[in-house]
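For reference, the structure discussed in these notes is given below.
As a basis for the values below, the full set of heavy atoms in this structure was taken, side chains included, without hydrogen atoms, waters or symmetry mates. Every chain is numbered from 1, with letters handed out A, B, ... down the list of sequences.
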Amino acid sequence: MHEWALAEGVIKTIKEYSKDKKIEKVVVKIGELQQIDIDIFKFALDELKKENSMNKLSIILEIEPAVLKCRVCGKTWSFSENLKELDDFIAESIHFVPEVFHAFIKCPNCGSPDIDILKGRGVWIEKIKFKGE
Amino acid sequence: MHEWALAEGVIKTIKEYSKDKKIEKVVVKIGELQQIDIDIFKFALDELKKENSMNKLSIILEIEPAVLKCRVCGKTWSFSENLKELDDFIAESIHFVPEVFHAFIKCPNCGSPDIDILKGRGVWIEKIKFKGE
Amino acid sequence: MDPRLSIINERLKNIERIIAVGSGKGGVGKSIISTTLALLLSKNNKLTGLFDLDFQGPTCHLILGAKDEFPTEEKGIKPPQINSVYFMSIYYFTRDNPLPLRGWEVTNLFRELLAITRWDNIEYLIIDMPPGVGDEVLELLKLINKKEILIVTTPSILSLNTVDKLVKLLKNLNIPIIGILENMRVQPSDIVKKYALENKINYLGYIPFDYSIEKYIGEINLFMKTKFVLNLEKILHEKILF
Amino acid sequence: MDPRLSIINERLKNIERIIAVGSGKGGVGKSIISTTLALLLSKNNKLTGLFDLDFQGPTCHLILGAKDEFPTEEKGIKPPQINSVYFMSIYYFTRDNPLPLRGWEVTNLFRELLAITRWDNIEYLIIDMPPGVGDEVLELLKLINKKEILIVTTPSILSLNTVDKLVKLLKNLNIPIIGILENMRVQPSDIVKKYALENKINYLGYIPFDYSIEKYIGEINLFMKTKFVLNLEKILHEKILF
Ligand SMILES: Nc1ncnc2c1ncn2[C@@H]1O[C@H](COP(=O)(O)OP(=O)(O)O)[C@@H](O)[C@H]1O
Ligand SMILES: Nc1ncnc2c1ncn2[C@@H]1O[C@H](COP(=O)(O)OP(=O)(O)O)[C@@H](O)[C@H]1O
Ligand SMILES: [Mg+2]
Ligand SMILES: [Mg+2]
Ligand SMILES: [Mg+2]
Ligand SMILES: [Mg+2]
Ligand code: NI
Ligand code: NI
Ligand SMILES: [Zn+2]
Ligand SMILES: [Zn+2]
């Protein structure tokens with residue numbers, strides 16, 4: 001459950017950003033590549049909301065599929081299927097630090113490791129909407 | 001007139017990209033930071049169009065003002081005025097290789113050299129429009 | 001918005017001193033010196049962490065003699081203790097595979113590792129910097145609040161010319177420089193001392209080239225008895241730490 | 001669309017051999033070897049260019065003994081000839097200032113310099129690579145069509161571990177490796193030779209540590225008579241070039 005650490009970042013950022021203004025909702029993108037455990041992440045967010053007296057804050061989680069693009073040949077592909085087939089060590093390493101995937105994944109077309117994560121890397125705060133906005 | 005070299009890149013890219021299709025117009029952005037000599041650049045484009053039997057091709061040049069943003073403190077500023085005050089060596093170096101500006105320019109607010117060129121770096125093909133598109 | 005930015009200094013706030021060992025130049029001994037520094041602090045009963053920031057050429061794990069350790073998950077990840085040093089490195093996740101990265105990916109990796117690593121109650125954090133003044137270094141300068149830099153160089157004009165670039169950068173930003181350490185001296189030379197004087201940097205002393213060191217890499221007990229380590233210990237003892 | 005991409009190989013197309021001197025590891029002698037290689041080729045009547053790709057720690061200009069040369073503009077920019085080598089370096093534009101760059105800026109700089117530099121009719125182009133496997137190296141691998149890599153290492157497990165990462169990367173992409181050159185040997189050791197054998201790479205030989213070299217940096221006439229240069233000349237002569 002290293003998800004807790006990421007949840008802390010989310011809550012602290014919201015707190016700092018909102019200052020005293022009332023927040024209506026927050027949208028958090030969760031990139032598929034990192035294979036976040038959503039239940040644990042939600043649990044962590046809930047606990048941290050309590051600790052920070054933000055009980056009523058609504059945080060919407062949106063999963064973003066992983067899309068990769070080779071910088072050499074231009075091939076673009078969805079990585080969703082491949083994620084299931086990774087060996088345990090690689091999957092766990094990417095779970096901790098998504099960039100590590102450059103050590104293991106090659107372009108299926110040209111073999112290059114010079115691959116861009118177009119979408120779906122990790123945790124990102126997409127939007128903070130204030131009340132009355 | 002190193003502008004010739006950049007014009008060659010523009011013409012060659014258009015040629016390769018268009019293959020046999022008829023092009024209606026091309027929009028080329030010219031970032032202010034690089035202080036391209038527009039007359040020389042236009043002259044080079046015209047000569048190269050002749051050499052490549054593209055006489056009728058219309059290339060529209062659009063100057064893009066230089067806007068910088070400090071990655072440390074977030075300050076965003078227009079660099080247009082400052083460009084006139086650079087010393088000759090620095091101006092010429094940036095003219096050849098815009099990135100060199102990181103060696104000379106600091107954020108006016110926090111002193112950091114970790115500055116992003118938001119807009120107006122150098123020569124860029126913005127759009128190639130085919131006939132009938 | 002990047003949720004990691006706000007949490008990085010939170011993770012580091014209880015650490016007494018954060019010392020980044022840098023040079024700008026490669027191959028001058030940054031990794032061996034930062035690792036030894038961490039080992040010596042720990043030998044002197046300081047709780048010490050070591051962070052290998054050289055993502056593309058990590059080597060601290062070899063010097064420390066790491067084997068198949070792996071961080072444990074606990075509200076983040078906890079760096080395993082190796083020879084009593086709390087050690088974090090990209091090596092855990094890549095092993096010996098190359099990790100080709102574009103700059104923005106280096107930045108991402110930096111932020112992710114610092115956001116999730118829980119250093120617990122270490123007193124010292126030693127950071128082994130990569131060569132160059134690229135994304136890792138710029139992120140370190142931008143995101144880590146309290147930090148001091150220990151500069152390492154060899155007595156060569158090729159090294160000093162590159163070191164001078166890092167020094168200029170740090171001075172412009174008023175980042176504290178602990179001093180400059182001359183490493184791998186093979187013959188009398190005063191260029192480093194002179195450079196330090198001219199630039200008002202503390203000259204910490206020199207470590208001679210130690211021909212025996214190669215065979216003790218990874219053999220901590222023997223390594224700690226080398227002349228290299230004894231020399232470094234003496235300098236650090238006198239000049240900066242414990 | 002980036003107008004520079006299409007023109008880069010156009011600029012290089014008449015060059016017979018493009019040799020990039022790399023290692024992944026810093027401080028192993030890439031710059032001194034690439035510069036000497038360029039000087040030796042030129043001495044053997046080959047029209048030779050040298051491109052310092054280490055934007056953040058350029059040093060070839062010091063070894064070559066560059067002074068206040070500056071490229072001339074002529075339908076691009078022409079690298080000045082220094083000691084008969086056509087030499088291009090970021091040094092012309094930054095002089096001794098630090099050049100902190102993010103990855104995308106490194107990529108931009110790489111593309112700009114290669115797009116505007118006119119090498120004329122050189123026969124050999126030597127590229128001095130920076131440490132790491134970052135933007136410079138990835139751009140080189142992506143954008144320069146014909147290239148061969150000459151690997152440099154010291155006989156140290158710390159170097160070899162990092163060198164091995166570059167080698168794995170190159171092998172995966174089927175990029176030709178000329179061979180591996182052992183530099184700065186201070187005592188008998190067969191780790192580099194063994195490594196070469198195990199990885200089916202041509203072992204080119206070794207260059208001993210040369211204690212005199214430091215004082216001849218930038219003094220080309222004396223430099224060319226050092227043991228370092230004589231050793232390198234012998235190896236290159238036998239194994240790869242002229
Ligand atoms: N004082 C010394 N005597 C002998 N060899 C040394 C000494 N300091 C460092 N080395 C060797 O120099 C090489 C570079 O050291 P390293 O710590 O990897 O440098 P960096 O991290 O700056 O690239 C390694 O092979 C290391 O064993
Ligand atoms: N064979 C050698 N004998 C002695 N010193 C050397 C030798 N080769 C390189 N050096 C020195 O080692 C240092 C690193 O060399 P350099 O060419 O800058 O390496 P890199 O480009 O790989 O960082 C320089 O101070 C250089 O003078
Ligand atoms: Mg190192
Ligand atoms: Mg290291
Ligand atoms: Mg070098
Ligand atoms: Mg160099
Ligand atoms: Ni986890
Ligand atoms: Ni010009
Ligand atoms: Zn590909
Ligand atoms: Zn600023």
Side-chain angles (χ1 to χ4, degrees), chain A residues 1-18 26-31 33-34 37 40-41 43-45 47-48 59 71-72 88-106 112-117 121-128, chain C residues 1-13 51-53 55-58 68-80 88-120 135-136 139 143:
Chain A
M1 52 179 268
H2 96 289
E3 279 76 353
W4 186 278
L6 299 170
E8 278 180 319
V10 170
I11 296 295
K12 194 153 185 294
T13 305
I14 296 173
K15 217 175 157 178
E16 283 172 12
Y17 185 76
S18 71
V26 175
V27 179
V28 173
K29 289 253 185 218
I30 301 192
L33 187 59
Q34 196 163 14
D37 185 320
I40 294 182
F41 190 62
F43 170 78
L45 287 174
E47 291 296 306
L48 287 162
I59 301 180
R71 288 202 199 83
V72 175
D88 287 352
F89 171 73
I90 297 177
E92 189 169 18
S93 293
I94 293 176
H95 171 62
F96 288 136
V97 205
E99 278 61 43
V100 162
F101 108 98
H102 288 93
F104 302 108
I105 312 300
K106 311 270 178 291
S112 170
D114 190 6
I115 295 167
D116 201 10
I117 307 175
R121 179 204 169 273
V123 175
W124 191 259
I125 300 177
E126 185 72 11
K127 196 159 68 185
I128 298 185
Chain C
M1 241 176 305
D2 191 336
R4 299 165 298 183
L5 297 180
S6 67
I7 207 76
I8 289 175
N9 279 298
E10 181 81 14
R11 300 273 181 255
L12 305 172
K13 75 173 176 216
F51 180 54
D52 193 334
L53 187 56
F55 301 142
Q56 307 197 324
D68 52 5
E69 295 87 352
F70 197 77
T72 48
E73 263 184 286
E74 203 183 308
K75 295 196 169 180
I77 61 176
K78 290 197 162 215
M88 183 50 69
S89 168
I90 194 65
Y91 166 72
Y92 296 130
F93 310 109
T94 58
R95 299 298 170 186
D96 286 327
N97 293 292
L99 185 62
L101 295 173
R102 296 284 180 163
W104 166 244
E105 295 159 350
V106 169
T107 287
N108 249 329
L109 207 164
F110 178 95
R111 294 181 183 176
E112 196 79 25
L113 270 182
L114 283 170
I116 64 176
T117 302
R118 293 196 165 266
W119 292 102
D120 278 338
D135 283 82
E136 304 88 336
E139 286 291 299
L143 292 179

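- Only the backbone of Pro98(C) has a heavy atom closer than 4.5 Å to any heavy atom of chain A.
- Residue Phe55(C): no heavy atom, backbone or side chain, is found under 4.5 Å from chain A.
- Looking only at heavy-atom pairs under 4.5 Å with chain A, the residue among Glu74(C), Glu112(C), Met1(C) that has the most is Met1(C).
- The aromatic rings of Phe93(C) and Phe70(C) stand perpendicular to each other, their planes meeting at an angle above 60°, with 30° marking the opposite boundary.
- In this structure, the side chain of Arg118(C) engages the main chain of Lys75(C) through a donor-acceptor pair within 3.5 Å.
- Gln34(A) touches chain C through its side chain: at least one heavy atom from C-beta onward sits under 4.5 Å away, while N, CA, C and O do not.
- Residue contact with chain C, scored on non-hydrogen atoms closer than 4.5 Å, involves the side chain of Ile128(A) exclusively.
- Heavy atoms of Ile90(C) lying under 4.5 Å from chain A belong exclusively to its side chain.
- Scanning for salt bridge (charged side-chain N to carboxylate O under 4.0 Å, His left out) contacts around Glu10(C) gives Lys12(A), Lys13(C), with sequence neighbours left out.
- Of the two parts of Phe89(A), only the side chain, counted from C-beta on, holds a non-hydrogen atom closer than 4.5 Å to a non-hydrogen atom of chain C.
- Every residue two or more places apart in sequence or in another chain that forms a side chain to side chain donor-acceptor pair (under 3.5 Å) with Arg11(C) is listed here: Glu8(A).
- Proximity to chain A (any heavy atom under 4.5 Å) is restricted, for Leu101(C), to the side chain, taken from C-beta onward.
- Remark: Arg95(C) qualifies as a cation-pi partner of Tyr91(C) under the 6.0 Å distance and 45° angle criteria applied to the six-membered ring.
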